[in-house]
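Computed from a prediction, not measured in an experiment: that's the story for all the values here. Order of listing sets the numbers, starting from 1, for every ligand and every atom in it.
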Amino acid sequence: MLVLGIESSCDETAAAVVDDNKQLLSSVVYSQSEHQVFGGVVPEIAARAHLEKAPAVIQKALDKANVCFQDLSAVAASAGPGLIGGVIVGVMMAKAIAAVHHLPFIAINHLEAHALTVRLTEEVDFPYLLLLTSGGHCQILIAEGIGRFTKLGETLDDAAGEAFDKAAKMMGIDYPGGPEIERYALKGDPQRFELPRPMVGKPGCDLSFSGLKTALRWTIESFSADGQVEHAQLTEQDKADLCACFQNAVLQTLCSRLKNGIKIFKKKYPEAKHLVVAGGVAANKALRQDLESLVKKYKLTLAAAPINLCTDNGAMVAWAGMEHLQAGLSDPLDFSPRPRWPLDPSCKK
Ligand code: KG4
Ligand code: ZN
């Protein structure tokens, strides 16, 4: 079986083909650079860029996999949550391909695609504890099966990736901020500035990053003659130290909240083996190291997709599509894209 996956929910236009032997036959990602000057994604520009780029990206994914539409078993698209203009583009293209070539259409929850990617590249069985941390989401869940997730906690304000991006913008560092902050942090002193660790020590698994972001803003403002963050005079070493302190605070917060999650998870599933980290922030190597040390204490194993499959891509959608297809699941062509679509069906948000 072959599944084509299309991703267009944020600023990556991507397509990929996987087979049922877990072979990734192709993966093409066009990262929209159009947003860089704005320091964040502009939804309208993103939707137009998806519309322009998607046909060529899809064709390239088929060519690289050496297949044509007629060879496919199904076509899957990220159908939410996300920036709705872009989501509509990907979903409409997938539906058109499905209609013309008489293929099943599969509407994939973008968060589920992140959550399942690790099962394409590693042997990870359900149930597993999941830290899902990206630009738009930051949640701790138990993954119990396809379409079966129980949320233990989530951010009350910013997502971790969003906090990285906003922190970078304050320091005059390019978008997307996460990878740049990680690079700077390697050369920085994580002890130089004192920053808070939000929610640490409280029960439960909810997270928060807005207070940390404000504390960082105050620290940066102290480098500015007029108190304006935009006028801060930061040397490269100041930036590196700020990045190291900020990254450390985010990582310690995530690990501390996960500790509570692990205890709940182990109580419910004492035999389960894995903590999975997924989403764009999972590309952060320092986070992976910290999580490795954390899971060892609890006799769990850390599992994560390769770095290039952590940020948005088509392979995660194609693989989630394959898992749905194998479970006998597909969707009608009148499926409406969903700007909001919680992974845990009992949650309204
Ligand atoms: O999953 P993703 O590509 O898109 C969403 O679904 O949101 O995640 C993008 C987010 C951005 O906020 C980006 O700054 C963050 O992931 N990110 C990182 C790293 N690479 C990407 N954050 C920290 N460290 C990284 N190496
Ligand atoms: Zn994503």
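- Using cut-offs of 30° and 60° for the angle between ring planes, the H101 and F69 rings count as parallel.
- The shortest contact between atom 24 (N) of ligand 1 and any protein heavy atom is with N284 ND2, 3.0 Å.
- C138 pairs in a side-chain contact (heavy atoms from CB on, under 4.5 Å) with only one of the listed residues (D206, L254, L156), which is L254.
- Atoms of ligand 1 lying under 4.0 Å from any heavy atom of G136, numbered from 1 in the order shown and given with element: 7 (O).
- Ring geometry for Y269 against F265 counts as tilted: the plane angle lies between 30° and 60°, on a 0 to 90° scale.
- Scored by the side-chain hydrogen bond (donor to acceptor under 3.5 Å, both in side chains) test, E12 finds S31 as partners (sequence neighbours excluded).
- Partner L325 forms a side-chain contact (heavy atoms from CB on, under 4.5 Å) with one of L2, D20, I106 and no other, that one being I106.
- Of all protein heavy atoms, the one closest to atom 3 (O) of ligand 1 is D312 N, 2.9 Å.
- Only the side chain of H114 comes within 4.0 Å of ligand 1, judged by heavy-atom distances.
- Checked against the 6.0 Å centroid criterion, the rings of F335 and W341 qualify as a close aromatic pair.
- A cation-pi contact, defined as under 6.0 Å to the ring centre and within 45° of the axis, links K187 to Y184.
- Listing protein N, O or S atoms at distances below 2.8 Å from the Zn ion (ligand 2), with waters left out, gives H110 NE2, H114 NE2, D312 OD1.
- Taking 4.0 Å as the cut-off, C10 does not count as a neighbour of ligand 1 on heavy-atom distance.
- Counting atoms of ligand 1 from 1 in the listed order, those under 4.0 Å from a heavy atom of T311 are 3 (O), 21 (C).
- Scanning for salt bridge (Lys or Arg N to Asp or Glu O under 4.0 Å) contacts around R48 gives E44, with sequence neighbours left out.
- Each of the following atoms of ligand 1 lies closer than 4.0 Å to a heavy atom of A283: 20 (N), 26 (N).
- Distances from atom 10 (C) of ligand 1 to the heavy atoms of P176, G135, P179 put G135 nearest.
- Contact annotation: for D165 versus ligand 1, heavy atoms closer than 4.0 Å belong to the side chain alone.
- For the atom pair OG (S208) and CG (D158), the distance works out to 8.0 Å, reported to the nearest 0.5 Å.
- With L207 as reference, R257 is the one residue of E154, R257, Q139 to meet the side-chain contact (heavy atoms from CB on, under 4.5 Å) rule.
- The nearest non-hydrogen atom to atom 18 (C) of ligand 1, considering only G178, G161, S9, A163, comes from G178.
- Scanning all protein heavy atoms for the shortest distance to atom 26 (N) of ligand 1 gives E182 OE1, 2.7 Å.
- Only side-chain heavy atoms of H110 come within less than 4.0 Å of ligand 1; its backbone N, CA, C and O stay farther off.
- Nearest-residue assignment for atom 5 (C) of ligand 1 (options S134, S31, A160, S78; heavy-atom criterion): S134.
- At least one N/O-N/O distance between G280 and ligand 1 falls below 3.5 Å.
- Residue L129 holds its CG atom at 6.5 Å from CG of L152, rounded to the nearest 0.5 Å.
- Taking a 4.5 Å side-chain heavy-atom cut-off between Ile, Leu, Val, Met, Phe, Trp and Tyr, the cluster of V28 extends to Y30, V57.
- A cation-pi arrangement, defined by a distance under 6.0 Å to the six-membered ring centre and an angle within 45 degrees of its axis, is present between R119 and F126.
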